[in-house]
Amino acid sequence: MGPGPGEVIGEVPGHRVRANSVGWLRTWLKLTDDDKNAVHMVLTACRMWRFELTGEHTSKTAAARWALGREPSLTAVDLALLARATSHPRPIAPHDVEDVLRRVLRDLDGDAPD
């Protein structure tokens with residue numbers, strides 16, 4: 001009902017999207033041991049990464065598969081995808097969550113803070 005989102009919400013400048021993404025990634029680096037939200041953090045980081053590099057806004061699953069194609073060593077991405085597909089997901093180790101967040105930060109912000 002009413003006008004579509006593109007008619008109501010103007011284009012968001014890339015630098016604002018990037019700044020928001022970097023802010024969340026840096027916040028999540030302090031929460032890598034949050035088992036309840038690990039899957040969300042990992043998959044959303046994949047979406048941020050793909051959007052930054054390709055301009056494509058995709059599903060979390062598509063972004064995670066893209067991320068694995070780019071960086072197959074990211075164990076947390078495999079585990080996050082598995083968690084979406086099963087009712088008995090395996091926990092994701094904090095250092096594996098951190099690896100994803102730091103990898104994405106390198107492309108979005110040029111570095112990954114210690």
Indicate every side-chain donor-acceptor pair of residues 64-81 with a distance under 3.5 Å to a residue at least two apart or in another chain.
from  : atom 1 : to     : atom 2 : distance (Å)
Glu71 : OE1    : Arg103 : NE     : 3.1

Which atom pairs, one a donor and one an acceptor, fall under 3.5 Å between side chains of residues 40-56 and the rest of the protein, sequence neighbours left out?
from  : atom 1 : to     : atom 2 : distance (Å)
His40 : ND1    : Thr44  : OG1    : 3.4
His40 : ND1    : Lys60  : NZ     : 3.4
Thr44 : OG1    : His40  : O      : 2.8
Arg47 : NE     : Thr58  : O      : 2.7
Arg47 : NH2    : His57  : NE2    : 2.9
Arg47 : NH2    : Thr58  : O      : 3.0
Trp49 : NE1    : Asp107 : OD2    : 2.7
Arg50 : NE     : Glu56  : OE1    : 3.1
Arg50 : NH1    : Ala62  : O      : 3.4
Arg50 : NH2    : Glu56  : OE1    : 2.9
Glu52 : OE1    : Arg18  : NE     : 3.2
Glu52 : OE2    : Arg18  : NE     : 2.8
Glu52 : OE2    : Arg18  : NH2    : 3.3
Thr54 : OG1    : Arg50  : O      : 2.7
Thr54 : OG1    : Glu56  : N      : 3.1
Thr54 : OG1    : Glu56  : OE1    : 3.1

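Not a single side chain to side chain contact (heavy atoms under 4.5 Å, CB included) links Pro91 to another residue, sequence neighbours left out.
With hydrogens and angles ignored, the 3.5 Å screen pairs no side-chain donor or acceptor of Thr86 with any backbone N or O of Leu82.
Following chains of ILVMFWY side-chain contacts shorter than 4.5 Å, one can reach Leu101 starting from Leu31, so the two form part of one hydrophobic cluster.
Of the inter-residue distances, the one linking Leu25 atom CG with Asp109 atom CG reads 9.0 Å to the nearest 0.5 angstrom. Here OG1 of Thr32 is found 12.0 Å from CG of Asn37. Values are rounded to the nearest 0.5 Å.
Among Asp35, Val100, Val39, the one residue that satisfies the side-chain contact (heavy atoms from CB on, under 4.5 Å) test with Ile92 is Val39.
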